[in-house]
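In this chain, residues are counted from 1 in sequence order.
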Amino acid sequence: MSFKAIYTRIISVKDHKLGEAMEICNGLAEVRKKHYPTSHVFFSFQIGGNPRTIRETVIGEMFGDDDERDSNMSADPKFIELQEKSKDVFVEGTIQDEIRYVFAD
């Protein structure tokens with residue numbers, strides 16, 4: 001059984017690193033779409049307040065009984081490379097994750 005879900009991750013970006021963060025997020029979107037081809041994947045940044053916050057949103061089927069997509073994505077060489085680059089761009093300890101299950105369309 002699979003569930004539709006809305007997954008969001010918010011993370012802060014270091015000063016003067018928004019351009020690099022956007023490049024990393026573009027690559028992460030490609031990797032996410034490769035491993036979750038039927039999901040909707042969005043990356044956005046905030047205007048006003050603190051513009052150095054990135055939000056990733058994934059909407060689609062997640063967490064099925066035989067779902068190995070997350071482990072496959074985590075082992076993807078491009079994903080690993082982007083995670084390594086992100087250490088110099090994102091503020092450590094600022095990740096906020098949320099998963100909401102959708103029970104009505």
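L28 places none of its side-chain heavy atoms less than 4.5 Å from the side chain of E56. Side-chain contact between V58 and I6 is absent, with no heavy-atom pair separated by less than 4.5 Å. Between Y7 and D97 there is a side-chain heavy-atom pair separated by less than 4.5 Å. Contact annotation: the side chain of F90 approaches that of I54 to within less than 4.5 Å [non-hydrogen atoms, C-beta and beyond]. Contact check for V89 versus V13: side-chain heavy atoms found under the 4.5 Å cut-off.
Remark: side-chain polar atoms of S86 are paired, donor with acceptor, to backbone N or O of Q83 under 3.5 angstrom. No donor-acceptor pair under 3.5 Å is formed between the side chain of T94 and the backbone N or O of I11.
For the residue pair Y101 and A5, the shortest heavy atom distance occurs at CD2-CB, 4.1 Å. In this structure, L82 and G27 approach most closely via the heavy-atom pair CD1-C, 3.4 Å. Shortest non-hydrogen contact noted between D88 and K14 is O-CD, 3.5 Å. Listed here is the closest heavy atom pair of G60 and S39: CA-OG, 3.7 Å.
With sequence neighbours excluded, no residue forms a side chain to side chain contact (heavy atoms under 4.5 Å, CB included) with I80. In this structure, the side chain to side chain contact (heavy atoms under 4.5 Å, CB included) partners of Q46, at least two apart in sequence or on a different chain, are T53. Judged as a side chain to side chain contact (heavy atoms under 4.5 Å, CB included), and not counting sequence neighbours, the contacts of M73 are V31, R32, H35, Y36, D70, F79.
Other residues, nucleotides and ligands contribute more than 12 heavy atoms inside 6.0 Å of the CZ atom of F43. Heavy-atom neighbours of E98 CD from other residues, nucleotides or ligands within 6.0 Å: above the threshold of 12.
Each of M22 and V91 belongs to its own hydrophobic cluster when Ile, Leu, Val, Met, Phe, Trp and Tyr are linked at side-chain heavy-atom distances under 4.5 angstrom. Both L18 and I95 are part of a single hydrophobic cluster, where members link through side-chain heavy atoms under 4.5 Å apart. V41 and I10 fall into different hydrophobic clusters, where Ile, Leu, Val, Met, Phe, Trp and Tyr side chains are chained together by heavy-atom contacts under 4.5 Å.
Within the model, atoms OG1 of T8 and CZ of R100 stand 8.0 Å from one another, a figure rounded to the nearest 0.5 Å. Interatomic distance, S44 OG to R55 CZ, rounded to the nearest 0.5 Å: 6.0 Å. Between the CD1 atom of I24 and the NZ atom of K87 there is a distance of 12.0 Å, given to the nearest 0.5 Å.
Between E30 and K34 there is no salt bridge, since no side-chain N of the basic residue sits under 4.0 Å from a carboxylate O of the acidic one.
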